[in-house]
Amino acid sequence: MENSEKKWQKYWEENHVYKYDEASNEEIYSVDTPPPTMSGKMHIGHASSYTHEDVIVRFERMKGKNIIFPFGTDNNGLATERFIEKEKGVSSQRMERTAFIDLCNRTLAETRPAFIQSWKDIGMSADFDLNYSTIDKESQKVSQKYFLDLLKKGLAYKKEAPILWCPLCGTAVAQAELEDKNIPSTFYDIDFDLKDGGKITIATTRPELLSSCSAIFVNNEDERYKHLISKKVITPIFNDEVTIIADEKVDKEKGTGIVMCCTFGDTTDIEWYLGHNLELKTSIDKFGKMTALAGEFSGLKIKEAREKIVQKLKEENRITKETSIEHLVNVHERCGTEIEILSTSQWFIKILENKEKFIERGREINWTPKHAIHRYENWINNLKWDWCISRQRFFGIPFPVWYCEKCGQIMTPDEKDLPIDPISSKPKNKCSCGSDSFIPEKDVMDTWATSSLTPQILENLIHKKITPLNVRAQAHDIISTWLFYTVVRGEYINNSIPWKEALISGFVLDPKGEKMSKSKGNIVEPKDVIEKYGADCLRYWATNTGWGKDIKYDENELKNGKKLITKITNACNFASSNLKKEAPQELYILDKYFFIKLNKVIKEVNDLYTKREISQAKTIIEKFFWGNFCDNYLELSKSRIYGEDGEDKDSAKYTLYKSILSIIKMFAPIIPFTTEEIYQNYFFEKEGVKSIHLTKFPEFNEKLIDEDIERKGDLMIKYLEEIRKMKSEKGLSQKTEIESFKITEDLGAFEKDLKATGNIKSIVKE
RNA sequence: GGGCGUAUAGCUCAGUUGGUUAGAGCGUCACGUUGACAUCGUGAAGGCCUCCUGUUCGAGUCAGGAUACGCCCACCA
């Protein structure tokens with residue numbers, strides 16, 4: 001099958017079957033396709049999720065729409081840097097910035113074609129000429145343009161503030177890049193001296209932050225400590241004088257009920273720092289080492305400092321208790337390093353003040369499945385930070401910004417000059433203060449700041465305003481990033497939703513229902529599946545589930561797909577010498593009946609595809625094809641096909657032609673290769689359309705409804721089944737001739753077919 | 001702790017707006033074909049639809065609750 005699939009893939013490409021037609025007047029159907037991150041190979045989750053998307057697009061194409069289905073890759077930011085570092089065995093931090101960027105660009109150019117090929121291999125019907133990379137010049141232009149737009153609208157700002165920081169990557173990160181990790185730790189009870197004599201005991205897991213202790217907190221209603229409020233405390237080792245403050249956020253039950261606030265250990269520290277106007281004391285630097293503030297511990301890594309400080313506290317007999325615990329901490333999703341909070345200067349996009357608006361917009365979008373919106377709203381409701389988009393990294397889109405050295409004024413380029421790199425260029429004019437020396441912004445934008453603009457990147461590609469697009473398809477894991485951020489940008493650019501419909505797929509799990517991971521060794525490669533079964537089988541399996549639901553990898557379903565494909569191929573080959581496009585004078589009664597059934601299925605399948613119920617549509621077509629068409633219709637029409645030429649035989653030939661064409665058309669969105677093969681072999685010449693995927697989806701025909709014929713036909717099938725059952729129960733061959741068969745209701749013209757197929761000598765009416 | 005999802009045959013899952021004996025595929029068993037079908041067909045066995053309470057003439061389906069599993073978020077002193 002693979003060879004044949006390759007052949008059609010090539011055919012589609014050479015004949016521009018999926019090309020967006022600028023000249024067409026048909027209704028546009030535009031798709032915001034996920035640009036996959038180029039950090040390695042396509043995984044089975046991609047294969048599944050993109051198949052779901054592709055099925056819908058193929059259906060819409062067959063409904064006559066003018067499809068805009070681009071394909072991009074996301075390749076800047078940390079994920080890409082890590083990929084390049086691994087691939088090339090280099091360290092970005094030890095390389096010259098420009099050399100590293102150059103290496104990234106070269107490596108991406110090398111790997112990109114093979115990467116994209118995987119998407120072609122699964123039969124994706126994207127217009128691969130509508131192609132972008134989130135780091136290419138055009139994307140840079142779009143990204144910088146809309147950054148400047150945000151700046152102008154006052155929606156982007158730079159601010160020194162406590163921000164989530166990854167000490168390993170040496171960069172700020174966004175809330176959405178955090179992950180939970182269970183980490184063993186120790187709770188230390190430490191004695192602090194009160195200035196006026198006496199002591200208190202606080203519990204902490206992070207004694208290394210002692211030098212940044214800015215205050216001590218107790219709960220306002222804690223009777224044990226009420227008398228201590230406003231008293232002064234001397235910190236151990238560092239001998240800083242700090243105040244005991246009351247705050248309701250202190251949990252009386254936790255530890256000793258007394259907390260030291262360090263700037264910063266966690267998000268509560270930030271709230272206290274801001275709310276109580278505390279002093280900022282920074283004890284950890286950008287690379288996770290102790291600052292000068294930590295005195296004798298400066299220069300040590302966080303963990304080393306913790307050990308040393310604990311040792312010293314023990315020497316001073318200040319540690320009264322140690323409790324081993326395991327607690328969840330936030331780590332950076334890219335490297336697993338524990339996140340710190342540092343006060344640094346970063347670029348932000350305002351999002352907190354417009355939470356309500358984003359929720360409203362979310363409600364304007366048509367979600368499949370409906371419940372996916374809860375995850376969206378839940379995320380927004382729990383947002384705590386504005387969106388930090390600056391990264392202290394190398395491979396990303398630069399901020400188009402300089403600062404006046406004299407007055408600090410922000411300088412920006414003209415839109416027509418974009419994209420620019422502020423490091424290698426200068427503002428055209430002097431600053432309003434008269435100075436002409438500028439400092440370039442060295443930070444780069446996070447990749448989401450660009451991938452959130454995929455609708456605008458697409459508009460830029462086709463030079464046409466098409467937002468809001470028709471559909472966004474993606475998996476549920478990036479609702480809080482890609483989906484949410486795209487809504488944010490859409491709102492800020494157009495005051496509208498970015499797309500009308502959001503299709504959310506689930507994850508692929510291993511056969512046991514567990515997540516696939518390298519460490520478990522249970523990863524399934526789409527490439528292997530395609531080699532063994534073909535892309536159509538992969539798609540058959542992938543469409544076996546509903547939207548938003550996780551799907552297990554199931555070899556059995558792939559085999560079923562294979563069986564279906566064999567069956568279709570066989571049935572079509574069998575019928576191939578008996579296909580006739582021209583209608584006979586009068587349709588044979590059985591054919592009329594079969595068309596009535598087919599017509600019903602067409603309506604049903606059409607409705608299901610429209611409702612995005614792919615797996616149900618698939619089940620209905622399959623059942624109809626296997627049961628009604630193969631087991632019944634083909635068997636019933638064999639006597640005419642094998643018989644002599646004539647009107648009745650022509651009627652059968654015509655019915656075969658029309659019905660097979662309809663059936664493969666209905667299957668086409670799901671198994672595009674097999675159906676194309678059949679179409680090209682038996683229908684292309686007569687139909688003239690260059691690909692089945694450009695033909696029109698079968699249409700429901702109201703005129704075909706005929707209840708009398710349908711009822712009698714159904715009855716005839718029922719009798720036929722009774723005969724089969726009877727023969728089966730008696731252990732007889734289905735070919736055994738039976739003398740007579742009793743029927744209770746009139747079958748009209750169908751009697752003949754029942755006799756022929758059931759091998760009945762005479763039918764007796766009662 | 002907050003939000004969401006799932007629970008149906010041995011396995012994987014369908015069950016649309018509540019309506020007679022709850023479906024499919026795989027697996028099992030029996031039989032038949034090998035004259036489209038590296039097979040295919042016919043049939044059989046197999047289900048307290050997780051549990052409880054309600055609404056209703058009627059609940060797998062609706063409402064409330066419980067349990068189990070999974071996911072997202074919060075909890076990091």
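Proteins come first, then strands; the chains are lettered A, B, ... in the order of their sequence lines, and each starts at number 1.
Between A/Pro236 and A/Leu210 the shortest side-chain heavy-atom distance falls below 4.5 Å.
B/rA59: no Watson-Crick or G-U partner with both key distances under 3.5 Å is found in any strand. B/rG43 is paired with B/rC29 under the criterion used here, namely a Watson-Crick or G-U wobble arrangement in which both key atom distances are under 3.5 Å. Nucleotide B/rG18 is matched to nothing when pairs are restricted to Watson-Crick or G-U wobble geometry with both distances under 3.5 angstrom. Of the nucleotides present, B/rA68 is the one that pairs with B/rU6 by Watson-Crick or G-U wobble criteria, both distances under 3.5 Å. Within the shown strands, B/rA24 is the pairing partner of B/rU12 under the Watson-Crick or G-U definition, both distances less than 3.5 Å.
Rounded to a whole angstrom, the distance from the C1' atom of B/rC72 to that of B/rC13 is 25 Å. For the C1' atoms, the distance from B/rG47 to B/rU21 is 13 Å, rounded to whole Å. Rounded to whole Å, the separation between the P atoms of B/rU16 and B/rG54 comes to 25 Å. Across the P atoms, B/rA14 and B/rG5 are found 15 Å apart, a figure rounded to whole Å. B/rG15 and B/rA9 have their P atoms separated by 15 Å, given to the nearest Å. When the P atom is used for both B/rU61 and B/rG41, the distance is 34 Å, rounded to whole Å. Rounded to a whole angstrom, the distance from the C1' atom of B/rG3 to that of B/rA74 is 11 Å. Taking the C1' atom of each, B/rA77 and B/rG60 are spaced 49 Å apart, rounded to whole Å.
When each of A/Ala372 and A/Pro511 is assigned the nucleotide of RNA chain B bearing its nearest heavy atom, the one mapping closer to the 5' terminus is A/Ala372. Along RNA chain B, the nucleotide nearest to A/Trp379 and the one nearest to A/Lys252 differ in position, and the one closer to the 5' end is contacted by A/Trp379.
For the pair A/Asp240 and A/Lys281, the salt-bridge criterion is met [side-chain N within less than 4.0 Å of a carboxylate O].
In 5' to 3' order, the nucleotides of RNA chain B bounding all contacts with chain A (an atom under 4.0 Å from a heavy atom) are B/rG2 to B/rA77.
Residue A/Lys567 is in base contact, counting any heavy-atom pair closer than 4.0 Å across all strands shown. Residue A/Thr205 is in sugar-phosphate contact alone, with no base atom involved, counting any heavy-atom pair closer than 4.0 Å across all strands shown.
For an aromatic pair to be called close, the ring centres must be under 6.0 Å apart, and A/His276 with A/Phe217 satisfies this. Note: A/His43 and A/His46 meet the aromatic proximity criterion, with ring centroids under 6.0 Å apart. Between A/Phe624 and A/Phe629, the distance from one ring center to the other does not fall under 6.0 angstrom. Taking the six-membered ring wherever Trp is involved, the centroid distance between the rings of A/Trp541 and A/Tyr533 does not fall below 6.0 Å.
Of the possible donor and acceptor atoms, none in the side chain of A/Thr282 sits under 3.5 Å from a partner among the backbone N and O of A/Leu280.
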